There are 2 protein chains.
Amino acid sequence: MAELRRHTLRDIALTLNLSVNTVSRALSGKDGIGEKTRALVRAEAERVGYVPNSLARSLVLGSATTFGLVITNPSNPYYAQLISGIELRAKAHGYSLLLVVTDEAEENEARAAESLLRSSVSGAIVVPVQGQVDSWRRLGAVGVPTVLLNRDLPHLGYRFVGTDNELGAYQATAHAVARGARSVIVLEEDLPITTIANRIAGFRRAMAEAGLLVPRGSVISVPTRRYHHAALPWQPEEAYRVARRMLRRSRLPDAVVVGNDYFALGLYRALAEHGLKVPDDLMVIGFGDYPFAGFLSPSLTTVRLPAVEVGTTAVDLLLDEIAGGRGGQPRKQLIAPTLVVRESTGRPDGRRPIAG
Amino acid sequence: MAELRRHTLRDIALTLNLSVNTVSRALSGKDGIGEKTRALVRAEAERVGYVPNSLARSLVLGSATTFGLVITNPSNPYYAQLISGIELRAKAHGYSLLLVVTDEAEENEARAAESLLRSSVSGAIVVPVQGQVDSWRRLGAVGVPTVLLNRDLPHLGYRFVGTDNELGAYQATAHAVARGARSVIVLEEDLPITTIANRIAGFRRAMAEAGLLVPRGSVISVPTRRYHHAALPWQPEEAYRVARRMLRRSRLPDAVVVGNDYFALGLYRALAEHGLKVPDDLMVIGFGDYPFAGFLSPSLTTVRLPAVEVGTTAVDLLLDEIAGGRGGQPRKQLIAPTLVVRESTGRPDGRRPIAG
DNA sequence: GTGAAAGCGCTAACAT
DNA sequence: ATGTTAGCGCTTTCAC
């Protein structure tokens, strides 16, 4: 069926005594071709196992049916889900995915941008590192539709889809307050990204609305960046260290909101070692609703992030731009997260919550 | 710097009054070119922000500098790590990554194979679904070097890299036995893949060596396949259900070896609900050493899988084949996992183990 | 309804 | 050391 060299349109044309052109149109479903001819060509293509050469096709057309996907770290469960969602949607529309991992490093980002350019991707979905270097301007400049994910770079004017992190942190904090917390501490990654700035803003808003003070030191950074290596999970450990220091130093807060569910793991351990009980001594609220969150003990109240929805929206925006549309939609789209209440913030009804 | 149309070799040739060919060689670092000319060309390329068109290059050369990576489910932490590792290594050698997700479905697999073919990838790394359909033969048939990951298809003759699952399960079981277990139960996914068959074999070997019986029903399937949807984490929940049934029915085993750490979460919950203590009433051993394993309470003894090593080895094999080498290495390469002992199998020293 | 010709941007072979 | 020619496999334009 298939030999060592791939068959081309020319091969089929030759055996059928047709022109390459005719074969091309027969297979691409264009009209202006006899039904018998079309059937003939299709049969022969089938027989020899013809597979079109996308390189040639894309070269003529000026762009490949490929989307570039630039992610900081696929080992983050949130991004893993995102990748699946994006791949599924892209595939459904006939696009392949070129995956580039930046590992939160600007150097990689510059190379990633060039890689997408070289490959003539027809669109790009990018989680930018948000550093000093501007690696993504060129994509737009040469006409590659680009959508930013989760971290905005407003000056580029690209469309943006992300989670409403401000709202998420607000919900988390407000929930803690509603359950009686008067002092709340936030544990966040030390990345200089808007994601985190927004969460802190949400936290402050909730506190302000409740008329609660936010003393200095209420937002604690967990140093993770220098450990960034996409293949390694480092976060619970680092959060554990930071949490231990926190428990030694300060007066105990009533609740801790952490930047991701891994942090909650480290915090849980530190608290256990100090003989503190969650939620009785201290409430914990996570971010992410990672697969394990509902199965910890106590199960973790956490902000579920709409990873798949964010991903598919990004693809849709790209498809829309490729189709020429800029259908009046706003540049910036924020998708609301959902607070999933579990045991780590108390169980007022006395029953064990259902895992989610 | 960059305008809407990308610059080509021709553009540079025109402005410098050189032939396209000369420019090409100047930039590609071939010799037989004047140093001044080369400098001139490079400067101009830099000035206009020249980016080579890989489509054209690959079309001429017959294959793209791209590897196809076919994964069943990126939301599995093991595969997430694998992806990172592969991407890093491939990138270091100048290869991009075309990612295709199969979601354990044969239909997707057939389409995936064709997608790689269309894109003229220069190599493929594949985690096959191991179903009835033979989607991967054609790749090899048209000369695309292909490496199978984790699940072998020996009849294809492709190189294979994977984890030594037999050994992993053996270690896990032997460890439980060494800690006093006389009856051991295995909870595995219901996928018809060699991975799982091998683990069961390892389990049986350990039991046999210890002179222990393996009664019927010692291997329990957790139905996950029908839920397969790469973007959704379903496993703890399913394992929880199965574990609950197990606890109602049978006499209590001394230890349970589970197919992945998610299952351990479900099992933990079921045990807690039955008022059973780990490890005192029952030991639990996981598979995967997912990032949370060391932070559960009790922390989970588990088989750490060499995801990154498997991934980079796969890339190296591909590079080797592309370089023409088939350097006498065996077709099949198994990398040994490591048992990480933590609290869930008892703490003979009475001290809390360190998280890993 | 079908064919011939041109060209996408690049590299390789063969000039000079 | 540089230029010319040809061609990778496909689609588009324009004849017939």
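Letters A, B, ... mirror the listed sequences (proteins, then strands); counts begin at 1. Since the structure is predicted, the reported quantities are computational estimates derived from the model, not experimental observations.
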Measure from [atom1] on [X] to [atom2] on [N] and round the result to the nearest Å.
X	N	atom1	atom2	value
His7(A)	dC10(D)	NE2	C1'	17 Å
Leu27(A)	dG9(D)	CG	P	16 Å
Leu61(B)	dG9(C)	CG	C1'	13 Å
Leu9(A)	dT12(D)	CG	P	12 Å
Leu117(A)	dG9(C)	CG	P	14 Å
Leu14(B)	dG9(C)	CG	C1'	14 Å
Asn53(B)	dC8(C)	CG	P	12 Å
Leu59(B)	dA12(C)	CG	C1'	14 Å

Residues in contact with DNA chain C, drawn from residues 32-45 of chain B - heavy-atom cutoff 4.0 Å: none
Donor on one side chain, acceptor on other, Arg118(B) and Ser96(A), under 3.5 Å: no
Whether [X] contacts [N] is assessed here as follows: a side-chain N or O lying under 4.0 Å from the phosphate OP1 or OP2. Is that the case?
X	N	value
Lys30(A)	dT12(D)	yes
Tyr50(A)	dG9(D)	no
Arg57(A)	dT11(D)	yes

Greater than 12 external heavy atoms within 6.0 Å of Arg10(A)'s CZ: no
Any Leu318(B) side-chain heavy atom under 4.5 Å of Ile125(B) side chain: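 Yes, at least one pair of side-chain atoms sits under 4.5 Å.
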Val101(B) and Leu88(A), any side-chain heavy atoms less than 4.5 Å apart: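 Leu88(A) vs Val101(B): side chains apart.
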Where at least one partner belongs to residues 309-319 of chain A, residue pairs that pass side-chain hydrogen bond (donor to acceptor under 3.5 Å, both in side chains), sequence neighbours excluded: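 Residue pairs passing side-chain hydrogen bond (donor to acceptor under 3.5 Å, both in side chains), neighbours aside: Arg89(A)-Asp316(A).
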Touch class at under 4.0 angstrom, heavy-atom based, for Leu18(A) against every strand present: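 Sugar-phosphate contact only - Leu18(A) comes under 4.0 Å of backbone atoms but never of a base.
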Touch class at under 4.0 angstrom, heavy-atom based, for Asp31(A) against every strand present: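 Nothing, no nucleic acid heavy atom in range.
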Lys/Arg N to Asp/Glu carboxylate O, [X] vs [Y], below 4.0 Å:
X	Y	value
Glu104(B)	Arg151(B)	yes
Glu46(A)	Arg42(A)	no
Arg111(A)	Glu107(A)	no

Check: Ser122(B) side chain, Ala64(B) main-chain N or O, donor-acceptor pair, under 3.5 Å: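 Flag set: sc Ser122(B) to bb Ala64(B) pair under 3.5 Å.
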Pairs under 3.5 angstrom, nitrogen or oxygen only, protein versus nucleotides 4-7 of chain D, please.
from	atom 1	to	atom 2	distance (Å)
dT4(D)	O4	Asn21(B)	ND2	2.3

Closest non-hydrogen atom pair between Val127(A) and Tyr79(A), with its separation: CG1-OH, 3.4 Å
Axis bend over the full length of the helix from dG1(C)-dC16(D) to dT16(C)-dA1(D), computed from five pairs that close each end, to 10 degrees: 40°
ring-ring contact (aromatic ring centres under 6.0 Å, His included) partners of residues 24-68 of chain B, not counting sequence neighbours, each pair once: Phe67(B)-Tyr95(B)
Partner set under side-chain hydrogen bond (donor to acceptor under 3.5 Å, both in side chains) for Ser19(B), not counting sequence neighbours: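 Ser19(B): side-chain hydrogen bond (donor to acceptor under 3.5 Å, both in side chains) contacts with Thr22(B).
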